[in-house]
Amino acid sequence: MCLSPVEARFNADTKSHLHVLDDNICLTKCPDKICTIFCPAAVYKWEDIRMHVGYEGCHECGSCRIGCPHENIQWEYPRGGHGIVFRLG
């Protein structure tokens with residue numbers, strides 16, 4: 001049996017659908033910056049004193065919605081027509 005490959009492409013919006021609510025929580029209460037570890041797309045990167053969010057490559061898996069131990073990440077679906085687009089075949 002031959003399976004068709006899955007093609008994925010990104011259509012990044014100009015507005016992020018991911019938001020770190022308070023950089024100070026990352027700085028003072030989260031020494032391991034766990035979101036930089038659990039995100040499969042490596043969207044979160046700690047830079048000096050704030051979290052940088054590269055939302056354009058988000059896989060929309062929702063890991064950050066449940067993974068942040070301080071509930072400091074707001075995750076929403078991207079606006080219609082934006083985000084990751086999968087095509088089978």
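What you see is a predicted model, and the numbers here were worked out from it, not measured in a lab. This chain uses plain numbering: 1 for the first residue, then up along the sequence.
Looking at every heavy atom in both residues, Gly67 comes nearest to Ile34 through O-CG2, 4.2 Å. For the residue pair Cys58 and Trp75, the shortest heavy atom distance occurs at SG-NE1, 4.3 Å. Taking each heavy atom of Ala41 and Gly57 in turn, the nearest pair found is CB-O, 3.4 Å. Of all heavy-atom pairs spanning Pro40 and His59, the tightest one is O-CE1, 4.2 Å.
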Identify all side-chain donor-acceptor contacts of residues 25-33 below 3.5 Å with residues at least two apart in sequence or on another chain.
| residue | atom | partner | partner atom | Å |
| --- | --- | --- | --- | --- |
| Thr28 | OG1 | Asn24 | O | 2.8 |
| Lys33 | NZ | Cys26 | O | 2.9 |
| Lys33 | NZ | Cys30 | O | 2.7 |

Using distance only, find each side-chain donor-acceptor pair of residues 42-52 under 3.5 Å and give its atom names and separation, not counting sequence neighbours.
| residue | atom | partner | partner atom | Å |
| --- | --- | --- | --- | --- |
| Lys45 | NZ | Ala42 | O | 3.2 |
| Trp46 | NE1 | Asp48 | O | 3.0 |

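Both Val53 and Tyr77 sit in one connected hydrophobic cluster of ILVMFWY residues. Membership requires side-chain heavy atoms under 4.5 Å apart, directly or through other members.
Expressed to the nearest 0.5 Å, how far OG of Ser63 lies from CD1 of Ile37 amounts to 13.0 Å. The structure places SG of Cys64 at 5.0 Å from CD1 of Ile73, a figure rounded to the nearest 0.5 Å.
Panel note: side chain Asn72, backbone Val20; no donor-acceptor pair is recorded below 3.5 Å.
Applying the salt bridge (Lys or Arg N to Asp or Glu O under 4.0 Å) definition to pairs two or more places apart or across chains, those involving residues 69-79 are Asp13-Arg79.
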